[in-house]
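Before any comments, here is the structure.
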Amino acid sequence: MEQDLTDILMAWTGEPIDDDRRRQLLSRLRDDAEFRKAFVAEIQMLGMLRAVQSAEPRWLELEDEIGWTARAPRQDDSHFEDGVMLRIDRATARRPSRWLAWGAGIAAVLAVGIGLGFFWFHGAGSGAGPIRADAAVAVVTQLENVRWGSGELASAEGALLAPRRIRLAQGHATIDLFNGVTLHVEGPADFEIASLDRVACYRGKIRARVPESAQGFAVTGPGVAVLDMGTEYAMNVTDDGTARIMVFKGRPQLSILDEQGDTLRSVPLKETQSVSIAPRSRRVELAMASARDFVPLPVPTPTPADLNNDYATYVRASKPWGYWRFEEAQEDSVPNEIEGRPAMLLRGGVEIETMGHNHSLLFPSPDPGQYALMDGFWDAPLGQGYAIEVWLLSENIDSATIAALVARPAPGAKDQDPHAMLVELTGRSRELIHQPGAMRYLLRLPPGAGGGTNAFTRKGYIPQRWYHVVAQRVGDRMEFWVNGEKSGEAKLGATEKTDAAVPCRLILGRLKITPQSEVGNIRPFVGRLDELAVYERPLAAEEIKEHYEAGRGMMQPKR
Amino acid sequence: MQRPEVQDIIDQVLAGDRDAFRQLVKLFGLPLRSFLCSQVHHMEDADDLAQEVFLTVYRNLSTFRRGEDFGAWLRGIARNKVQNFFRSATRRRNATDRFRQEVCQVVGDDLDASSSADSSEMVQRLLSCVSKLPDRLRKVVRAGLDGDKPGKIAEEMNTSIGAVYNLHWRANQLLRQCLSQEVG
């Protein structure tokens, strides 16, 4: 065996080798087909040997996805050890396996009748339908090493929750309510999601982040309640009923409750303050406590969109009118990939985020001054056919604008932001009926402040996950596509047909850019967007699927 | 069992017979794991990636074009999963993983072509071929698979690390001959 082959195999298996030699070997690998063939033969054989002598893996997530209840007996066991659990134990001891991230490693899907269902990522065949808007109030967003209490029905990430009491034996669960509140619960804990506005902590540790939009939300403990908006606080309840509260942000109100559950006394709390409330006397005392005594926030794991390198090729082949990749910004301006078309201006802290080789547009906070704005107008063929395509990831479940097309206001008009089109995320609306946590697509012709036709997605979205979204008009229909599948559509009315193009500006991350006093008129988006494209025609179904698959790396490179 | 046409199985799954997907996993599981093990270092990572590939296949089976090579489609998805795996922030801090990522990009097409003939039956026959190796070569192969470092193997066999790699290379030549004879 020649020395170069030995050396590259040694480097391959982790033996130390200096950088110059490594570069030399890589260069030969690129240029010498015979050398490459010899190397491939070696690593291919190595791969076969490792695979054939290892135990057959237990693919729990695959089994759960497909709904296999019992494994078919192996027709030929002679090649695999029976010690599947031994292999899993070894793997778990070395590092945590994704397959066992949910404690018992089994995620059950429960029937609609007891209030649980699935979101996108479980796809078809889940066996459970979506919860109707009047039943679900929350979704399970993240689970870490979770084991549910005995007798408790296991919930998976993405499961919808109707009001219910929950016992968490161990681990950390993140639950997003449809009013934008995020709960972090650390087991062992006994708590209840009583309604969209009330969570009760009977025992254990709970932490709540309450946005300003969640008016009226409260966390209750034995004889106490914490209320306010735009705050973050944690509550621990011990076995003897003592409640301890720590405030991380804002100035919530602490209510001491009487036997009827009404406020007896109200105590304002300050940021970083910690108090203890005795169970019988209901006496409030300042407590010396550290943040470590309360539920920690999960370690944030920013998720890059991680789109395949060929994605842009597919988008360009569809000939967009405007295409912003958000790879870089120069003086708060992101260039349009299509020459001669307007750039996207970044305002109020919106920035390009870089993670490894990935770049996306980050909306870091719900600051009302935060948005992106197209530097010019688009004569959008809203009355005939068009499409808007984007990848998005939301930090939470809340009413938030992704993209708005705003027409030129008439001189002197009261409404300076007449909307022609809107793509937004919803939480739980008090004005519209739809699947909680759905995405909304609105077309409004002529542009204005009210009316129009809506199409909602049939399923909700989960925070911290990337979605490929296309909102388009096809003749007299609106179509809403998510991850390559049509997820919502609506038929348009006669008034929404026009041959005239509508000059519009594209706004990202905010409903209106004129100063607004009401939070509902801002609908700030907190999260990431990537690869935004607009077209002067609707995309074909095959194109949408191709784009999604290209982004996920399932398509062969476009030649 | 007689190997059924892959397209028939796909049709069954798409018609609603989810259990039929088990047949695809059985047919392609071992060659897929071999393909992944050729590229990533840890077996657990290869198995994690294999599960991801099958999940992706199951969710997108309707997009598979009739008449095309299912194994090639599977490997294409696997190649992308491997590249994404290497691109993760954690991986990129490890020099060996960075090197592997570059190598996989260079040899990807060759490895794909070379793996196209791999079948579950062929890979399984490898164990029988290992048992037929001369003692010294079999020892080197087994020790490597057990996770022993080349340095330790060299010390036990009273030879050099380079010699251990050479022995493994010779063993692989014999294994390839054995496989081609077994296939006939």
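Nothing here was measured: the structure is a model prediction, and the numbers come from that model. A note on names: the letters A, B, ... follow the listed sequences, proteins ahead of strands, and every chain is numbered from 1.
- Under the salt bridge (Lys or Arg N to Asp or Glu O under 4.0 Å) criterion, A:Asp31 pairs with no residue, sequence neighbours left out.
- Side-chain contact between B:Arg59 and A:Glu65 is present, with at least one heavy-atom pair separated by less than 4.5 Å.
- Side-chain contact between A:Leu25 and B:Val103: absent, with no pair of heavy atoms (C-beta onward) separated by less than 4.5 Å.
- Within a 6.0 Å sphere centred on CZ of B:Arg170, other residues, nucleotides and ligands contribute 12 heavy atoms or fewer.
- For residues 3-13 of chain A, the salt bridge (charged side-chain N to carboxylate O under 4.0 Å, His left out) pairs, not counting sequence neighbours, are A:Asp4-A:Arg21, A:Asp4-A:Arg28, A:Asp7-A:Arg21.
- If you take CD on A:Glu549 and CG on B:Asn80, they are separated by 11.5 Å, rounding to the nearest 0.5 Å.
- Of the atoms belonging to B:Ile161, it is side-chain heavy atoms, and not backbone ones, that fall under 4.5 Å from chain A.
- Crowding of A:Asp18 atom CG: a count of heavy atoms from other residues, nucleotides or ligands under 6.0 Å exceeding 12.
- A donor-acceptor pair under 3.5 Å links the side-chain atoms of B:Gln51 to the main chain of A:Leu62, judged by distance alone.
- In this structure the side chain of B:Gln105 never reaches within 4.5 angstrom of the side chain of A:Arg30, judged on heavy atoms.
- Counting heavy-atom pairs under 4.5 Å between each of A:Glu542, A:Glu15, A:Arg36 and chain B puts A:Arg36 at the top.
- Checked options B:Phe54, B:Phe21, B:Tyr58; the residue passing with A:Trp59 is B:Phe54 (criterion: ring-ring contact (aromatic ring centres under 6.0 Å, His included)).
- At a threshold of 4.5 Å between non-hydrogen side-chain atoms, the residues A:Ile43 and B:Gln39 do not count as touching.
- Taking all atoms of both residues into account, the shortest heavy-atom contact from A:Ser54 to B:Met43 is OG-CE, 3.5 Å.
- Within a 6.0 Å sphere centred on CD of B:Glu156, other residues, nucleotides and ligands contribute more than 12 heavy atoms.
- Identified by a heavy-atom distance below 4.5 Å to chain A, the contributing residues of residues 109-118 of chain B are B:Asp110, B:Leu111, B:Ser114, B:Ser115, B:Asp118, in residue-number order.
- Using a 4.5 Å cut-off between heavy atoms, A:Ala41 contacts chain B through both its backbone and its side chain.
- Annotation: ring-ring contact (aromatic ring centres under 6.0 Å, His included) contacts of B:Tyr165 (sequence neighbours excluded): none.
- Between the side chains of A:Arg50 and B:Ser38, not a single donor N or O lies within less than 3.5 Å of an accepting N or O.
- The local environment of NZ in B:Lys149 is sparse, with at most 12 non-hydrogen atoms from other residues, nucleotides or ligands closer than 6.0 Å.
- Between A:Met45 and B:Leu126, the closest side-chain pair of non-hydrogen atoms falls below 4.5 Å.
- Using a 4.5 Å cut-off between heavy atoms, A:Leu26 touches chain B through its side chain atoms alone.
- Going from atom OG1 of A:Thr13 over to atom NE2 of B:His41 covers 7.5 Å, rounded to the nearest 0.5 Å.
- Proximity of B:Leu127 to A:Leu49: side-chain heavy atoms (C-beta onward) are nowhere separated by under 4.5 Å.
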Item to complete: Decide side-chain contact (heavy atoms from CB on, under 4.5 Å) for A:Asp19 and B:Phe99; before the verdict, give the C-alpha distance in whole Å, the side-chain angles of both, and the deciding distance to 0.1 Å.
Response: CA-CA 10 Å; A:Asp19 287 343; B:Phe99 177 66; over 6 Å; no
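- Residues A:Met48 and B:Leu179 have side chains in contact (heavy-atom distance under 4.5 Å, counting atoms from C-beta outward).
- Side-chain contact between B:Val141 and A:Gln53 is absent, with no heavy atoms from C-beta onward closer than 4.5 Å.
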